Amino acid sequence: MSSSPTRFDRGHTDDLMTFLTASPSPYHAVATAAERLEEAGFRRVEETAAWDGAAGGRYVVRGGAILAWYVPEGAAPHTPFRIVGAHTDSPNLRVKPRPDSGAHGWRQVAVEIYGGPLLNSWLDRDLGLAGRLTLRDGTHRLVNVDRPLLRVPQLAIHLDRQANEGLKLDRQRHMQPVWGLDDDVREGDLIRFLADEAGLDAKDVAGWDLMVHSVEPPAYLGRDRELLAAPRLDNLLSVHACTAALAAVATAGAPPAHIPVMAAFDHEENGSESDTGAQGPLLGTVLERSVYARGGTYEDRARAFAGTVCLSSDVGHAVHPNYAERHDPSHHPRPNGGPILKVNVNQRYATDGGGRAVFAAACEEAGVPWQSFVSNNDLPCGTTIGPITAARHGIRTVDIGVACLSMHSARELCGADDPYLLANALTAFLK
């Protein structure tokens with residue numbers, strides 16, 4: 001199906017573009033989401049502090065992860081949760097501990113490959129640098145150089161006549177960006193530059209978590225502007241949607257029947273095994289503390305978890321017009337056809353028949369069309385935080401998302417209406 005460019009309000013997608021631009025790293029995404037939750041009446045609580053069981057919205061920040069929940073008036077300790085899970089990280093190039101390098105008069109930045117990016121998509125692209133600087137007192141300062149600073153230059157075809165027959169990139173030698181000219185590589189130059197950008201003294205910087213990003217802004221694409229081209233759609237599209245959905249439910253006036261939760265984790269792109277990833281204890285700890293803060297017992301915790309449902313929201317594959325044979329012949333998700341339900345019987349996705357019913361009911365309540373996705377049997381399937389959440393916490397989990405092209409590219413593509421449709425479905429699910 002296709003959609004008219006005026007079928008849906010583009011205000012949500014406009015706002016998504018603003019969110020993406022403001023969030024070049026997981027740390028920025030968390031700060032942006034937290035700011036929006038604060039505007040909706042949520043307050044931050046520290047993990048080291050005692051929590052109370054009062055009604056209202058709260059959130060926890062740990063590194064590149066944010067968890068937020070809203071307790072309605074009169075919620076019992078055994079009240080189940082409705083969770084939307086997502087992740088804040090995207091495949092990219094990340095700065096090494098000793099970043100200053102170079103050769104033959106070029107000044108370069110030493111980077112490591114994070115996750116599984118399409119490496120060629122980072123070539124010959126204007127790149128900025130963002131992340132966080134850690135100070136000697138243990139605090140963090142966000143930094144974002146959102147202008148052309150770096151470039152990974154491709155070898156001219158005159159020096160590689162076989163480039164169009166199959167480009168092969170050496171991850172160590174060919175992906176190091178340049179950022180200037182200098183015969184003398186001086187250790188500390190990059191951090192001094194970034195400290196100055198952040199208004200800091202370089203001697204106060206004790207550590208860093210930095211990554212490159214494309215500085216080309218998000219844009220509508222196509223004859224009727226029916227497509228959205230942008231960086232980090234995987235998976236800030238979902239982070240933005242669940243932030244908007246949770247804020248909408250918390251400010252709607254009518255109390256939800258469950259306790260709505262958003263859980264945006266870091267490190268999904270490399271396996272989720274960290275204290276801020278879905279493999280870690282963060283989600284379970286937050287849910288349990290919420291139960292106990294309302295006077296609950298272990299029995300209440302078990303009852304709450306047994307009635308809980310999680311939608312794991314991550315992007316999926318739209319049918320590719322140039323490679324249709326790579327898709328299952330009877331499952332061809334299309335842009336602007338609504339969110340997709342992702343199924344894999346080998347548990348790379350956590351969806352089962354009961355989960356399908358929950359998702360279908362939410363879409364019906366919201367008046368949102370939806371589609372099914374399953375992989376071609378001859379191709380291995382990706383995975384998400386869905387199976388991890390289901391297995392680690394014993395929570396029924398359903399894998400969903402938005403269909404896109406160019407997944408894991410520095411710049412991805414989706415239908416311009418689908419983010420709005422996803423957010424509406426998530427809102428219906430949470431309330």
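Note that the structure is a prediction, hence the values are computed from the model and not measured.
- Side-chain atoms of His408 and Glu269 include a donor-acceptor pair closer than 3.5 Å.
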Enumerate, atom names and distances included, each donor-acceptor pair closer than 3.5 Å involving a side-chain atom of residues 107-115, sequence neighbours excluded.
| residue | atom | partner | partner atom | Å |
| --- | --- | --- | --- | --- |
| Arg107 | NH2 | Asp182 | OD2 | 2.7 |
| Gln108 | NE2 | Gln176 | O | 3.2 |
| Tyr114 | OH | Asp89 | OD2 | 2.6 |

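- Listed for the Asn346 side chain is no donor-acceptor partner under 3.5 Å among the backbone atoms of Arg348.
- Judged by distance alone, with hydrogens and angles left aside, the side-chain atoms of Ser214 form no donor-acceptor pair with the main-chain N or O of Leu127 at under 3.5 Å.
- In summary, the aromatic rings of Trp370 and Phe359 are positioned with their centroids under 6.0 Å apart.
- Between Ile83 atom CD1 and Ile395 atom CD1 the span is 4.0 Å, to the nearest 0.5 Å.
- The stretch residues 143-153 participates, sequence neighbours left out, in these salt bridge (charged side-chain N to carboxylate O under 4.0 Å, His left out) pairs: Asp124-Arg151, Asp126-Arg151, Arg147-Glu197.
- Smallest separation of non-hydrogen atoms from Gly188 and Asp100: N-OD2, 2.7 Å.
- No donor-acceptor pair closer than 3.5 Å links the side chain of Thr139 to the backbone N or O of Leu135.
- At least one donor-acceptor pair closer than 3.5 Å links the side chain of Asp352 to the backbone N or O of Gly354.
- With hydrogens and angles disregarded, no donor-acceptor distance shorter than 3.5 Å links the side chain of His258 to the backbone of Pro260.
- Applying the ring-ring contact (aromatic ring centres under 6.0 Å, His included) criterion to Trp208, with sequence neighbours excluded, gives no partner residue.
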Less than 3.5 Å apart, which donor and acceptor atoms pair up between the side chains of residues 423-430 and the rest of the protein, not counting sequence neighbours?
| residue | atom | partner | partner atom | Å |
| --- | --- | --- | --- | --- |
| Thr427 | OG1 | Ala423 | O | 2.8 |

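- Here salt bridge (charged side-chain N to carboxylate O under 4.0 Å, His left out) pairs that include residues 165-176, with residues two or more places apart or in two chains, are Asp170-Arg173.
- Between Leu123 and Met175, the shortest heavy-atom distance links the atoms CD2-SD, 4.2 Å.
- With Thr13 contributing its side chain and Ala416 its backbone, the two residues share a donor-acceptor pair below 3.5 Å.
- Between atom CG of residue Leu159 and atom CD of residue Gln154 there is a gap of 11.5 Å, rounded to the nearest 0.5 Å.
- The main-chain N or O of Ser238 is never found under 3.5 Å from a side-chain atom of Asp314 such that the two would form a donor-acceptor pair.
- Atom OG1 of Thr21 sits about 11.0 Å away from atom CD of Glu216, to the nearest 0.5 Å.
- Salt bridge annotation for Asp15-Arg36: present, with a cationic side-chain nitrogen under 4.0 angstrom from a carboxylate oxygen.
- Proximity of a side-chain donor or acceptor of Arg232 to a complementary backbone N or O of Leu20 within less than 3.5 Å is detected.
- A side-chain donor-acceptor contact under 3.5 Å links Arg392 to the backbone of Gly280.
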Using the rule given for side chain to side chain donor-acceptor pair (under 3.5 Å), can you reason through Asp234 versus Ser90, listing the C-alpha separation, both sets of side-chain angles and the distance that settles it, and then say yes or no? CA-CA 6 Å; Asp234 180 11; Ser90 300; 5.9 Å; no
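- Counted by atom type alone, Asn144 and Tyr27 present zero donor-acceptor pairs between their side chains at under 3.5 Å.
- Every residue was checked against the ring-ring contact (aromatic ring centres under 6.0 Å, His included) condition with His331, not counting sequence neighbours, and none meets it.
- Ring geometry, Phe373 versus His317: the interplanar angle falls from 30° to 60°, so the pair is classed tilted.
- Side-chain contact of His213 with Ser25: a donor-acceptor pair under 3.5 Å is absent, judged by distance alone.
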